[in-house]
Trainee: 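Below: one structure in structure tokens.
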Amino acid sequence: MDSKKKIIGVCGARLFNQIPMQFINTLKKQSEKEGYFIIAFSSNSDDEEETDGYVGESQLYELAKYVNLSAIVVLSETLKNTKIINQIIEIGRNRNIPVFTLDGDAEGAISLNCDYYDGFEDMVRHVVEYHGCRKVNMLAGFKGNKYSDARIDAYKRVLKENGIPFEPERLAYGDFWERPAQKAVKGFIKSGKEFDAIVCANDSMAIVACSILNEYGYEVPEDVIVTGFDGTIGAGYHFPVISTCEPDYENAIKFIMDKIGSWETGKACDNNGCTVSFKVKKSQSCGCMPKTMYEINTIISSLSNSVGDCSWHSIAMSGMITALLDKENITDIVDCIPEFTHLWSSVFRFACFKSSLFTNCAVEETYNEMTTILDVSNGTYNETGRKFRIEEFMPGIDKVMAEDNGIDVLFVRQFNSGRNVYGYIAEGYPVLEERAMQRCNEFAMFITHAVDNVIHNHKLASMNKDLKELNNNLEEAYNKIAGLYLNDYMTGLYNRRGFYEKIGLLAASHKCKDKYLYLFSIDIDRLKYINDNFGHAEGDFAITTVASAISETSGEDAICARFGGDEFVCAFTAGSSGEYSAAEFYNKLLDNINNTKGVKDKEYPVGASIGMCCCHMEDGIDIENMILSADKNMYKDKSAHRQEYQKDMIN
């Protein structure tokens with residue numbers, strides 16, 4: 001691929017994590033000013049060994065050969081595997097472009113090494129010398145890890161310079177993550193040895209430390225000062241905000257840009273690297289800033305939206321996998337993708353498979369000829385099925401980079417299952433946001449599972465028709481078991497679990513995006529009275545009568561459920577917000593109840609109260625809020641029915 005725009009390649013593993021995202025965001029800002037476009041190649045594995053996954057993912061970085069790059073930046077600490085790093089450096093050498101390694105030395109590359117020692121020393125010095133702490137505990141990373149050991153050395157040095165003896169019991173290892181950190185902090189507390197500060201080797205352990213201290217009745221920073229390291233987004237979201245050290249990526253990227261400029265102008269350019277320093281960021285957890293919950297509503301709203309998006313995306317992707325369970329052809333996957341991805345169409349998303357997959361599900365060992373399976377720009381799905389040579393990398397990429405769409409970063413991931421590589425996906429974002437990047441990563445994994453399943457089914461069909469029949473029988477048995485899991489045993493309607501699964505699939509369906517969702521909350525009137533005075537058999541009769549009437553009133557496309565006891569919910573879609581009313585639904589429901597065989601012979605009336613809520617599905621729906629709203633209206637109706645009954649009793 002030849003491009004008129006200058007491009008910087010970034011290579012690493014799991015680039016959607018916070019720390020690599022920080023670097024790429026900073027690089028993005030500077031690249032915009034300098035006129036560069038960024039293409040980031042993100043693998044999923046960070047194993048140092050030659051695993052099957054790495055054998056497959058080595059093909060990802062081979063794609064960099066087909067892009068007209070001006071430079072490559074390798075995030076060595078995320079990638080780790082020396083063989084892969086050397087492979088990327090060789091690509092740069094063959095293209096005669098500079099290769100930079102962040103946080104790792106490699107022959108033939110310009111190194112930018114992070115100074116964990118001085119940065120952590122400054123933070124410990126701030127705690128000891130500025131805040132006057134003398135009983136300082138440390139939560140280190142992995143035992144024997146060079147990055148963790150550098151921070152331990154800095155901790156010991158500051159203690160020594162301030163006349164504080166090092167006590168081994170004040171040092172514990174939290175392994176840079178949650179569970180070991182929890183155990184270590186609880187160990188500090190249970191030891192009975194007083195402490196007035198905990199300096200942590202990263203932010204995630206600092207957040208854990210605050211949580212455990214709070215659990216045991218300590219206030220941060222009033223009773224104990226807590227500090228972190230890395231300057232992650234999560235540290236800023238915490239209350240109190242974590243005092244930390246953040247890497248000076250701005251100066252590191254300025255160094256990269258200067259080197260690229262010298263390289264492009266033909267000036268003498270050596271391989272001398274630079275040091276990435278860390279700056280102390282004083283905040284609330286050390287007491288330098290007052291404890292205030294600023295922007296908490298924005299933060300909570302953002303996190304809530306991310307959790308909701310994660311839930312709906314998982315439901316949609318699971319629906320796609322379910323729809324492909326019995327497929328034996330790769331084209332079925334391509335046809336299925338738009339229906340389940342329309343709600344998450346990015347400004348730009350492109351995906352392709354190796355063309356060999358479309359012929360008897362064959363998987364070539366290397367990239368050769370490719371076929372587009374997804375091409376969406378600004379919500380518009382373009383035609384798929386175009387074949388192109390791998391050297392082209394991505395048809396139309398120049399147009400994407402030239403358009404005024406805010407995109408100046410493209411993330412590339414593979415569809416790979418161990419050694420088997422099926423293709424790759426590229427997604428462009430105007431704003432780098434963690435959830436969007438995770439979503440694309442999830443999409444790549446789900447598509448990979450879909451391909452695995454289709455290949456498996458194809459092999460089964462080719463080997464033996466009897467095996468296919470057995471598979472169908474197993475699926476039928478699974479559906480029967482799923483029915484028991486999702487349906488109410490008495491009425492045959494969905495239970496609460498079944499309702500939420502079906503309503504999730506309905507919300508993710510492409511066919512329903514322009515429709516309105518009607519949701520009714522229905523409660524049987526005076527069920528307890530029927531049970532107490534006429535027996536539970538009569539109560540069961542009332543329940544099944546109302547359940548049958550709800551199904552008949554709602555129609556065959558409705559999702560009807562019994563939540564338990566006398567509580568029912570039903571939902572269905574319509575083309576407008578005025579197509580149904582609560583009164584109309586109630587009258588029809590009552591007619592169906594009264595027309596049920598045996599109802600008129602009972603000594604008690606069978607009735608129900610209802611409440612309705614309606615929302616436009618394209619605006620995004622919150623099922624829980626809809627149910628609460630419908631319940632509120634239902635209780636008003638039930639109160640009115642109760643008053644009518646009492647009036648009848650008096651008369």
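Side chains included, hydrogens not; waters and symmetry mates left out as well; all remaining heavy atoms used. For the single chain, residues carry numbers from 1 onward in sequence order.
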Trainee: Do you know which two heavy atoms are closest between Tyr516 and Met617, and how far apart they sit?
Mentor: C-CG, 4.3 Å
Trainee: Are Phe393 and Tyr424 near enough that their ring centres are under 6.0 Å apart?
Mentor: yes
Trainee: Could you list the residues that satisfy side chain to side chain donor-acceptor pair (under 3.5 Å) with Thr384, not counting sequence neighbours?
Mentor: none
Trainee: Does CD in Glu364 sit with more than 12 non-hydrogen atoms of other residues, nucleotides or ligands closer than 6.0 Å?
Mentor: yes
Trainee: Starting from the C-alpha separation in whole Å, work towards a yes-or-no answer on side-chain hydrogen bond (donor to acceptor under 3.5 Å, both in side chains) for Arg413 and Asn44.
Mentor: CA-CA 8 Å; Arg413 299 169 180 81; Asn44 276 327; 6.0 Å; no
Trainee: Are Glu392 and Arg386 within salt-bridge range, i.e. N to O under 4.0 Å?
Mentor: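 Counted as a salt bridge, because a side-chain N and a carboxylate O are separated by less than 4.0 Å.
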Trainee: Taking all atoms of both residues into account, what is the closest heavy-atom pair of Ala561 and Asn495, and its distance?
Mentor: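 Taking Ala561 first and Asn495 second, the nearest heavy atoms are CB-O, 3.9 Å.
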Trainee: Do Phe572 and Phe520 make the cut of ring centroids closer than 6.0 angstrom?
Mentor: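 Yes, they do, as the ring centres are separated by less than 6.0 Å.
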Trainee: Is the shortest side-chain N to carboxylate O distance from Asp488 to Arg562 below 4.0 Å?
Mentor: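 A salt bridge links Asp488 with Arg562.
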Trainee: Can you find a pair of side-chain heavy atoms, one from Leu27 and one from Tyr36, that are under 4.5 Å apart?
Mentor: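 They are not in side-chain contact.
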Trainee: Tell me whether the NZ or CZ atom of Lys354 lies within the 45° cone about the ring axis of Tyr367 and under 6.0 Å from its centre.
Mentor: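 That pair qualifies as a cation-pi contact.
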Trainee: Surrounding OH of Tyr518 (heavy atoms of other residues, nucleotides or ligands, distance under 6.0 Å), is the total greater than 12?
Mentor: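 Yes, OH of Tyr518 has more than 12 neighbouring heavy atoms, counting only those of other groups under 6.0 Å.
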Trainee: Given side chains that start at C-beta, do those of Asp230 and Ile19 come closer than 4.5 Å, heavy atoms only?
Mentor: yes
Trainee: Counting C-beta onward and ignoring hydrogens, is there a side-chain heavy-atom pair between Asp408 and Ser31 closer than 4.5 Å?
Mentor: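 Asp408 does not reach Ser31 side chain to side chain.
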Trainee: So which atom in Cys336 and which in Leu324 form the shortest heavy-atom distance, rounded to 0.1 Å?
Mentor: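 Minimum heavy-atom separation between Cys336 and Leu324: CB-CD2, 4.2 Å.
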Trainee: Do Thr448 and Ser417 pair up side chain to side chain, a donor and an acceptor below 3.5 Å, judged on atom types alone?
Mentor: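 No, no side-chain donor-acceptor pair sits under 3.5 Å.
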Trainee: So Asp175 and Lys143, do their side chains get closer than 4.5 Å, heavy atoms only?
Mentor: no
Trainee: Passes salt bridge (charged side-chain N to carboxylate O under 4.0 Å, His left out), Arg93 versus Glu90? Steps please.
Mentor: CA-CA 5 Å; Arg93 184 181 293 115; Glu90 184 64 22; 2.4 Å; yes
Trainee: For side-chain contact (heavy atoms from CB on, under 4.5 Å), just list the numbers for Val454 and Ile333, CA-CA rounded to whole Å, side-chain angles, deciding distance to a tenth of an Å, and then say yes or no.
Mentor: CA-CA 8 Å; Val454 168; Ile333 298 176; 3.7 Å; yes
Trainee: Could you check whether Phe415 and Phe353 have their ring centres less than 6.0 Å apart?
Mentor: yes
Trainee: Can you name the closest pair of heavy atoms from Met205 and Ala181 and give their distance?
Mentor: CG-CB, 3.9 Å
Trainee: Yes or no on side-chain hydrogen bond (donor to acceptor under 3.5 Å, both in side chains) for Gln22 and Gln18, after CA distance, side-chain angles and deciding distance?
Mentor: CA-CA 6 Å; Gln22 281 179 269; Gln18 287 190 25; over 6 Å; no
Trainee: Do Asp103 and Tyr147 have side chains that approach each other closer than 4.5 Å (heavy atoms only, starting at C-beta)?
Mentor: yes
Trainee: How far apart are the C-alpha atoms of Phe142 and Phe176, what are their side-chain angles, what is the distance that settles it, and do they pass the ring-ring contact (aromatic ring centres under 6.0 Å, His included) test?
Mentor: CA-CA 7 Å; Phe142 293 103; Phe176 290 125; 5.7 Å; yes
Trainee: Are Gln87 and Ser58 close enough that some pair of their side-chain heavy atoms sits under 4.5 Å apart?
Mentor: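 In short, these two side chains touch, coming nearer than 4.5 Å.
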Trainee: Given the side-chain rings of Tyr249 and Phe23, with only the six-membered ring counted for Trp, is the space between their centroids under 6.0 Å?
Mentor: yes
Trainee: Quick one: closest heavy-atom pair of Ala106 and Thr101, and the distance?
Mentor: CB-CG2, 4.2 Å
Trainee: So Tyr61 and Leu63, do their side chains get closer than 4.5 Å, heavy atoms only?
Mentor: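 They are not in side-chain contact.
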Trainee: Verify side-chain hydrogen bond (donor to acceptor under 3.5 Å, both in side chains) between Tyr173 and Ser148, making sure each step is shown before the conclusion.
Mentor: CA-CA 9 Å; Tyr173 294 89; Ser148 179; over 6 Å; no
Trainee: Got a salt bridge between Lys28 and Glu32, using NZ or NE/NH1/NH2 to carboxylate O under 4.0 Å?
Mentor: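 Looking at Lys28 and Glu32, the cut-off is met.
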Trainee: Less than 4.5 Å apart, side chain to side chain, heavy atoms only: is that true for Asn487 and Leu493?
Mentor: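 No; the side chains remain at least 4.5 Å from each other.
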Trainee: Under a 4.0 Å threshold between the charged nitrogen and the carboxylate oxygen, would Glu427 count as salt-bridged to Arg349?
Mentor: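 Looking at Glu427 together with Arg349, the answer is yes, because their closest N to O distance falls below 4.0 Å.
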